[in-house]
Amino acid sequence: MDSNSDCNDKKKSVMQSMLLCCKLHISESRNREALEPIERAAKLDPETAVINIFSDCDYNRVNYTLVSYVIHDSTGCPIYSPLHQTVVAMVGAAYDAINLEQHSGAHPRLGVVDDIFIYPLARASLDEAAWLAKKVAADIGNRFQVPVYLYAAAHPMGKALDTIRRELGYYRPNSRGIQWAGWAQPEQVPVKPDEGPDVVSRSRGIVMIGAHQWIAMYNIPIMSTDLSVARRIAQRVSARGGGLPTVQTLGLFHGGDTTEIACILLEPNQIGADRVQNHVETLASQENLDVQKGYFTDLSPEMIIERYRKLISNSTN
């Protein structure tokens, strides 16, 4: 076997085993023209794979799931991932195409690019995910002059995402009690960001960037337009309200005739979707409400890895 072939085989092995996954949440889903340049930026580097796109019109929010490999130096420290420049390019395209002051939706958000979540997959580690999160955060803060808040494994003290969000007023609707519209917070941020300026651009807002082991997002429709009931159920399901451990929830308006319990499952292998679904159904029955079967907003880690490897195999054959 020649040296080029050996090098290619090693690279292919890395591309299929040391994987990082990025979930990029953008505050827009209704304006196709605004999303097109973001999706073009996602495809600029052929070594980054777009695995899934989940869009919600009522929330006016889209989630892109991206995967690529990570390379290390001779000491085992991560030094490069194609995800780095791909994510920064997508963020730049989003800021060019979307104005937060003109945005509204039924899901909370504090920025055009609201949340960037890095996960380790396959043989990658949480340290590698945190390394990438911090690299992306520094670039976004410096290049686009946007306040950036790190959380979970990317934060020096492991600060939780929901803690930072509460400090910044993320959970408070500012339009008709059910919507988030424009930028309604002070331009001087109340909490010092980890990267970027202390002053917010009203058109861009702020961005959260974190690293964590796999988290599942699971939404359960409630057949009622009474948001106060949905919020009450959500509170009783969440760990914060004395419900299920490692579960975070929001009761949100969703469409003309439903509300929704939006759930974050921090330890989905311990407290999974079935248990959450059953708990919501029990609580909703006490309110004489029907509940639909919930749905995940992304693929499972195993499905993401399988889809990535198929895409890579097709591109290298």
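The environment of K23 atom NZ is dense: over 12 non-hydrogen atoms of other residues, nucleotides or ligands sit within 6.0 angstrom. In R166, the CZ atom is crowded: over 12 heavy atoms of neighbouring residues, nucleotides or ligands sit closer than 6.0 Å.
Shown here for G251 and I261, the closest heavy-atom pair between the two residues is CA-CD1, 4.5 Å. The shortest heavy-atom contact between L19 and A124 is O-CB, 3.0 Å.
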All N/O donor-acceptor pairs, side-chain side in residues 210-221, below 3.5 Å, sequence neighbours left out:
{"unit_1": "Y218", "atom_1": "OH", "unit_2": "Q277", "atom_2": "OE1", "d": "2.7"}
{"unit_1": "Y218", "atom_1": "OH", "unit_2": "G294", "atom_2": "N", "d": "3.4"}
{"unit_1": "N219", "atom_1": "ND2", "unit_2": "Y295", "atom_2": "OH", "d": "3.4"}

(request) Determine, step by step, whether R236 and H279 satisfy the side chain to side chain donor-acceptor pair (under 3.5 Å) criterion, reporting the C-alpha distance in whole Å, the side-chain angles of both residues, the deciding distance to 0.1 Å, and the verdict. (result) CA-CA 9 Å; R236 293 176 65 191; H279 197 39; over 6 Å; no
(message) Quick one, S224 with D226, criterion side chain to side chain donor-acceptor pair (under 3.5 Å). Give me CA distance, side-chain angles, the key distance, then yes/no.
(response) CA-CA 5 Å; S224 168; D226 189 337; 5.3 Å; no
(request) Could you walk me through whether R32 and E39 pass the salt bridge (charged side-chain N to carboxylate O under 4.0 Å, His left out) test, one step at a time? (result) CA-CA 10 Å; R32 198 52 235 165; E39 293 173 11; 2.5 Å; yes
(request) Give the intermediate values and the outcome of ring-ring contact (aromatic ring centres under 6.0 Å, His included) for residues Y149 and Y151. (result) CA-CA 7 Å; Y149 293 87; Y151 63 88; over 10 Å; no
(request) Begin with the C-alpha distance, continue with both residues' side-chain angles, and end with the deciding distance and a verdict on side-chain contact (heavy atoms from CB on, under 4.5 Å) for I206 and L168. (result) CA-CA 10 Å; I206 64 179; L168 296 172; 3.4 Å; yes
(message) One pair to check against side chain to side chain donor-acceptor pair (under 3.5 Å): S125 and D127. What are the steps and the verdict?
(response) CA-CA 5 Å; S125 72; D127 286 344; 4.9 Å; no
(request) For salt bridge (charged side-chain N to carboxylate O under 4.0 Å, His left out), just list the numbers for D139 and K135, CA-CA rounded to whole Å, side-chain angles, deciding distance to a tenth of an Å, and then say yes or no. (result) CA-CA 6 Å; D139 267 9; K135 292 277 286 184; over 6 Å; no
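For R204 and F144, the positive end is not near the middle of the six-membered ring at less than 6.0 Å and at most 45° from its axis.
Across W180, Y59, F253, a single residue satisfies ring-ring contact (aromatic ring centres under 6.0 Å, His included) together with H107, and that is Y59.
In summary, R232 and E287 engage in a salt bridge, as defined by a charged side-chain N under 4.0 Å from a carboxylate O. With respect to the salt-bridge test (charged N to carboxylate O, under 4.0 angstrom), the residues E281 and K293 do not qualify. Using a 4.0 Å cut-off between a side-chain N of Lys or Arg and a carboxylate O of Asp or Glu, E306 and K310 qualify as a salt bridge.
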